[in-house]
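In what follows, chains carry the letters A, B, and so on, assigned in the order in which the sequence lines appear, proteins first and then strands, with residues in each chain numbered from 1. The basis for the numbers below is simple: all heavy atoms, side chains too, and nothing from hydrogens, waters or symmetry mates.
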Number of protein chains: 4
Amino acid sequence: MKVTIWNEYMHEKSNPTVAEVYPHGIHNAIKEGLLEYGIEANTATLDEPEHGLTQEVLDNTDVLLWWGHTGHGLVQDEILERVYQRVLQGMGLIALHSAHYSRIFTKLMGTSCSLLWRVANEKERVWVVNPGHPIAQGLPRYFELEKEEMYGEFFDIPEPDELVFLSWFQGGEVFRSGCTFRRGHGKIFYFRPGHETFPTYYNSYVRRVIANAVRWVAPEPGLVPLETIRPPFPAQEPVPGRNN
Amino acid sequence: MKVTIWNEYMHEKSNPTVAEVYPHGIHNAIKEGLLEYGIEANTATLDEPEHGLTQEVLDNTDVLLWWGHTGHGLVQDEILERVYQRVLQGMGLIALHSAHYSRIFTKLMGTSCSLLWRVANEKERVWVVNPGHPIAQGLPRYFELEKEEMYGEFFDIPEPDELVFLSWFQGGEVFRSGCTFRRGHGKIFYFRPGHETFPTYYNSYVRRVIANAVRWVAPEPGLVPLETIRPPFPAQEPVPGRNN
Amino acid sequence: MKVTIWNEYMHEKSNPTVAEVYPHGIHNAIKEGLLEYGIEANTATLDEPEHGLTQEVLDNTDVLLWWGHTGHGLVQDEILERVYQRVLQGMGLIALHSAHYSRIFTKLMGTSCSLLWRVANEKERVWVVNPGHPIAQGLPRYFELEKEEMYGEFFDIPEPDELVFLSWFQGGEVFRSGCTFRRGHGKIFYFRPGHETFPTYYNSYVRRVIANAVRWVAPEPGLVPLETIRPPFPAQEPVPGRNN
Amino acid sequence: MKVTIWNEYMHEKSNPTVAEVYPHGIHNAIKEGLLEYGIEANTATLDEPEHGLTQEVLDNTDVLLWWGHTGHGLVQDEILERVYQRVLQGMGLIALHSAHYSRIFTKLMGTSCSLLWRVANEKERVWVVNPGHPIAQGLPRYFELEKEEMYGEFFDIPEPDELVFLSWFQGGEVFRSGCTFRRGHGKIFYFRPGHETFPTYYNSYVRRVIANAVRWVAPEPGLVPLETIRPPFPAQEPVPGRNN
């Protein structure tokens, strides 16, 4: 299983608070967390050529994790389209935290993906609402993050295929924090926690969720996507019993 | 639209606190609330003959509301089956609060419908997560109930067809508080608030939700259920084009 | 309820076969069908200024029906965005037949919306798989279209919120022919039949489905969309009970 | 992974036609098919003590396959309840063909599970409508069964969590042939083909589907079900941050 962690890698270089929390970047904290579960990953960032997401890299990626925020608008059309096509062909995608507003996530959802938010160093509790789901394995009924950014409903996404986590926030909000979707042949998981000023990606429960999700969104071994059918439509093979 | 409000009507007769909050029974508070929206309703209670749910009553009911708690086990098999068949034929059902454990709701869900709970006079906030849904019309982003019983996840239900409300509780829990399901030709809505010691059914938002839900679960005018097919299987009518 | 029927109106002007079937255009055949159910509608076409979909027209449209095929690529970006925003705000959308590949439908779905197809004058049977659904009211178990274009699975759409119709084709294929989706505050219905060379939009069952669907996708009376929240994120109002 | 194949094993002993097709019983044909994929399984039948489903057997079963038809009514209440509880605790269940009417499947669904049917030796085509799903792996766009019983819509089940297969029948019907559901901690897969007079369980595609499904419904390694909470409600542990 080939995993690529993409991070815009901007806050870490411009904001001392973030740099202190993630001195090697959010992507490397996630990478370290996956290693605890025996999952090796490569990383890619916005300012690499082609954002580090060449066709070759993507063709060799089974699961792509995406962290972006301030740089959403800097992602090039061509790279966006390349990632999008790979998802439809079966590459798994994990959209993390502020990636709710990333171009790739909103394009796959078809909605604004807007939400309420507040940075107030408040407590978040992440509750399991689908305890038999692979992504929820090894977790207690809930786990807490002492300080996180709040994301609140209404979260403008399509009805998720499966709802795995719900968050409670100290200030009075709730949020659908773990959602699965299928688009084309690809599986998608959105996971809410992970504001850049908090050490969320060092949290053992968060790491467990991400490792579980990597395994869940991964394409089935040997997945062969159906040929994409696009105009001009190809002639279809005659089938037995057809009337022409 | 013919509406029947069913209440076990037990706490109100045995518990002075409840009697004070609902001197005429929970069913009559709900009935009063529906009248504010121009919806007339009849009531029925556990200790009436056949629990007030004769075949004739049910055949003339488009929407049945159900409040039960301590008397779940007293509902007779025959009445249970009668209500169940009417739901499959298209009668709408609204299960209120502790009706999550009613025989009719668990039979329709196929799961235990268990949950966490706590009575601690704590605040509940009910958040809208499906703002275009008919049941959410006329509501703000959220509404508050100053004191309610807590219900917490994991709520052991099938994945709802639609999730309309999520609750936040002061003590740290979340709950899928407004859920729709279809079973057979019937629509079902589960709505969480409504503990017997709190004046929840006088709350204007709660009344709005229940009125909206009555309209939503009501069968389409002129609904003719498909013939129910049961063992021993009836001979099927030949259909044009069949090969025998 | 204000209804607008949009048709690219191209085949009717260039193909004599189509012109014979729909001498006044597909849009007017649909309009005539809605009138049978007491629903008045306006029409708009591709070659009108702004495709007939000015901001004023859309602001006064509750339900938009869309028929397009050869002209998908001619729909301007600005008009596309305008229609898209209105759907997220609550305008209902009915995508008809080859509108599966329209820019507005694929943008809302987030997938390729590809499918198999064949024009072979073959029989289609449309089966009801959700008989209690408002869109299925007044229909028999199935209805037949003697000659239609075949659309076959895999239909590359997100899992529909509700599946209402399935089609059987004489040549051996099946298709999810009636699908509902919610995006933002808007309801969407995709309905398969309607190839331009067949008199499908004169069929009484098809007309019934479209009339039912218009009523179902219409926004709730008085729907007030939540404020759209977009970057740069607005400051959020403090809420009672928040911890900062 | 411990797999148990349950078969009522009645037709094979009373009907010479069935005996010829399945001389060792349907359960052994399925067992043989799983072995091709390296999955070992035990079998159990209706006339064994406790139907072969003692508490010990079930406690040691990760995945239960169920084939029943004429003997649905002979399954004892106690065994039914035992199987049901194990599914809610996480045991996977695969309901095959006429098991749509089994007591365990209808109890888990909450609906009648009725359908149309016809035995006419007609052709069935099983189409993949969710090509990225684990259960669809290794299959072509569709596969054919030359002769099968027809099952037709409306199939009275709750909206499936995921729809994996749709069937086309020569005589003009369609059917949701591969459906997933979650109930409690358990995953359920319903798979349509498998009439007792046809050699369906020797078909290589059918065997592939069943092997895929066994892996998919299996509980996650180390799954620990949440404590079941039942009336009388247990006192809940205080949780940090609660307000009482």
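For the residue pair D:Asp156 and B:Leu88, the shortest heavy atom distance occurs at OD2-CD1, 4.4 Å. Closest non-hydrogen pair, B:Gly110 versus D:Arg183, comes out as O-CD, 4.2 Å.
Residues forming a salt bridge (charged side-chain N to carboxylate O under 4.0 Å, His left out) with B:Arg176 (at least two apart in sequence, or on another chain): B:Glu153.
Within a 6.0 Å radius of CD in B:Glu20, other residues, nucleotides and ligands contribute 12 heavy atoms or fewer.
Most heavy-atom pairs under 4.5 Å with chain B: of the set D:Gly184, D:Gly186, D:Gly73, this distinction falls to D:Gly184.
The CG atom of D:Leu108 sits 13.0 Å away from atom CE of B:Met109, with the distance rounded to the nearest 0.5 Å.
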